[in-house]
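First the structure, in the form of structure tokens, and then the observations on it.
Predicted, not measured: the structure shown is a model, and the values here were computed from it. Hydrogens, waters and symmetry mates play no part in the numbers below; they use all other heavy atoms, side chains included.
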Amino acid sequence: MFSAYDYEFMSRAIRLAKKGLYSTHPNPRVGCVICKDDQIIGEGWHKKAGEAHAEVNALIQAGKEAKGATVYVTLEPCSHTGKTPPCADSLIEAGVSRVVAAMQDPHDKVAGKGFEKLQAAGIQVDVGLLEQQARSLNPGFIKRMEQGLPFVRVKMAMSVDGRTAMASGESKWITSEAARNDVQSWRAQSSAMLTGIGTILMDDPSLTVRTSRAQNPEQPLRVILDSDLKISPQAKVLQESDEVLIFTQRKNAAKIAELEKLGLKIKCVGNTEHGLNLDQVLQYLAGLDVNEVMVEAGATLAGSFIEAGLVDQLIIYMAPVLMGNNAKGLLNLPFIDKMSQKIELNIQEMRQFGEDIRIIATLS
């Protein structure tokens, strides 16, 4: 069904889509290549929400040559009017003869309607080329459309003996500068950074993107889980960002009013035996169009996300050091007390950064 040229040009479209890794939120990352006589005549990618989509950018470059051409796009062309006109209409008006799409758009306003519109106009549509590679571009957007939840990554740093901090709480720095710089790139592609009040009180982090492979990256929404509203108005995370959302269970009107005066958003959610209802937290974030959440938290909150079955990916940095049995462990998983209850990981990648090893894994 697909030729060698089809694979070549779709691979190029996927590489183009990756250029929007840090900038398209809350839209998906999409790349497009337009070809005629097996030669590229136009290409583009979606650069930022509210701006032209990948297909339009490629059509502008192709110009009149787009008539009769084949279009390779990593996601189904949209069929509805949002902040920009429908891409399916633009392709029809340009007179292209064939559209090859890696996958159907899971958005309920599209979901096959773009393909139907193209086919009704007499355009050949072929779907499914390099679909898995295309899906990997947008794990958060796809999960939010299909399940109503964002994609959750939990980032942790540990010693070889699985420790994250000394008994006193001292933890700077376990990993090398190279590993910490890599973390910034993961932050930059996230829609939100999430942590618990324990980390705020102990480390006073800013949770900002400081440096990354992205140029002038947008700062993610900062999310803090604070059941009893213990956060201080002087916390660094509040000083360095206007985009802070605090989840709590306490309807303390006075404290909420104090924090809201600082421009913070407070949301009350339900509680479970292990703390705030994490399902409700993630559902609310999905309602804010948050695609990807990066959790940087202590052993208890990270363990709660795992126990609740809400973790899509683990990113673990392992430093070549030993910290001893009195240091704090990586995760609190009190529900595991038998070998039969162990959680197996699927290792997706292992890579070295400086002296450290980064492990990317999913849970079985």
Side-chain angles (χ1 to χ4, degrees), residues 139-158 162 164-165 186-187 190-202 205 207 220-231 244-251 265-317 328-348 359-364:
F141 176 80
I142 293 171
K143 187 180 177 186
R144 181 164 65 86
M145 293 299 108
E146 293 180 345
Q147 301 180 37
L149 294 170
F151 186 92
V152 176
R153 293 186 180 91
V154 174
K155 189 279 293 184
M156 295 172 286
M158 69 176 189
T164 63
W186 290 103
R187 286 186 176 188
S190 301
S191 308
M193 292 288 304
L194 185 150
T195 195
I197 186 60
T199 297
I200 297 294
L201 295 177
M202 177 62 69
L207 298 181
L221 170 69
R222 257 70 74 192
V223 179
I224 302 167
L225 306 190
D226 185 2
S227 296
D228 297 316
L229 289 178
K230 295 179 180 178
I231 192 165
V244 178
L245 172 61
I246 299 176
F247 286 94
T248 186
Q249 64 170 331
R250 291 180 63 86
K251 296 183 179 179
K265 296 178 181 178
I266 314 296
K267 175 64 178 177
C268 292
V269 294
N271 203 36
T272 70
E273 60 180 318
H274 302 300
L276 294 179
N277 189 309
L278 299 180
D279 270 302
Q280 291 182 11
V281 168
L282 294 180
Q283 288 169 17
Y284 186 83
L285 292 177
L288 298 179
D289 293 338
V290 167
N291 288 333
E292 299 177 24
V293 174
M294 186 160 170
V295 177
E296 291 192 20
T300 299
L301 182 55
S304 293
F305 268 96
I306 290 175
E307 185 172 0
L310 296 172
V311 177
D312 296 292
Q313 191 175 61
L314 295 174
I315 302 177
I316 304 171
Y317 295 87
K328 296 184 178 181
L330 185 66
L331 291 163
N332 287 347
L333 298 171
F335 64 96
I336 297 178
D337 54 20
K338 300 177 182 177
M339 282 297 291
S340 60
Q341 297 172 310
K342 66 183 183 294
I343 299 173
E344 295 185 359
L345 303 182
N346 298 313
I347 304 299
Q348 296 178 310
I359 302 168
I360 298 179
T362 58
L363 285 72
S364 299

- Can you list every pair that meets ring-ring contact (aromatic ring centres under 6.0 Å, His included) and has a residue in residues 279-299, with sequence neighbours left out?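 Output for this query lists Phe247-Tyr284.
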- Note on the structure: Rounding to 0.5 Å, atoms CD1 (Ile360) and OH (Tyr317) come to a distance of 7.0 Å
- If you round to the nearest 0.5 Å, how far is CD of Gln147 from CG of Asp312?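 The distance works out to 7.5 Å.
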Ignoring hydrogens, what is the shortest heavy-atom contact between [X] and [Y]? Give both atom names and the distance.
X: Gly196; Y: Ala297; result: N-CB, 4.3 Å
X: Leu221; Y: Val244; result: CD1-N, 4.2 Å
X: Pro220; Y: Met193; result: CG-CG, 3.5 Å
X: Phe151; Y: Pro139; result: CD1-CB, 3.5 Å
X: Ala302; Y: Val154; result: CB-CG1, 4.0 Å
X: Met156; Y: Leu314; result: CE-CD2, 3.9 Å

- Can you name the one residue among Ile315, Thr362, Ile359 that meets side chain to side chain contact (heavy atoms under 4.5 Å, CB included) with Gln348?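 Testing each of Ile315, Thr362, Ile359 against Gln348, the sole residue satisfying side chain to side chain contact (heavy atoms under 4.5 Å, CB included) is Thr362.
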Between [X] and [Y] (side chain of the first, backbone of the second, donor and acceptor by atom type, cut-off under 3.5 Å), is there such a pair?
X: Gln280; Y: Val269; answer: no
X: Thr195; Y: Glu296; answer: yes
X: Asn277; Y: Thr272; answer: no
X: Asn346; Y: Ala361; answer: no
X: Thr164; Y: Met158; answer: no
X: Glu307; Y: Gly303; answer: no
X: Asp226; Y: Ile231; answer: yes

Side chain proximity check, [X] to [Y], heavy atoms < 4.5 angstrom:
X: Ile200; Y: Pro205; result: yes
X: Ile246; Y: Ile197; result: no
X: Met294; Y: Val152; result: no
X: Leu194; Y: Leu301; result: yes
X: Thr248; Y: Cys268; result: yes

- Item | Any residue meeting side chain to side chain contact (heavy atoms under 4.5 Å, CB included) with Leu149, in chain and number order, not counting sequence neighbours |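 With neighbours one apart ignored, the set is Lys143, Leu282, Gln283.
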- Before giving the answer on side-chain contact (heavy atoms from CB on, under 4.5 Å), spell out for Val223 and Leu285 the whole-Å C-alpha distance, their side-chain angles and the decisive distance to 0.1 Å. CA-CA 9 Å; Val223 179; Leu285 292 177; 4.0 Å; yes
- Task: Evaluate the criterion side-chain contact (heavy atoms from CB on, under 4.5 Å) for residue pair Lys155 and Trp186; output intermediate values, then yes/no.
- Result: CA-CA 9 Å; Lys155 189 279 293 184; Trp186 290 103; over 6 Å; no
- Sequence neighbours excluded, every pair satisfying salt bridge (Lys or Arg N to Asp or Glu O under 4.0 Å) that has a member inside residues 279-289: Arg144-Asp289
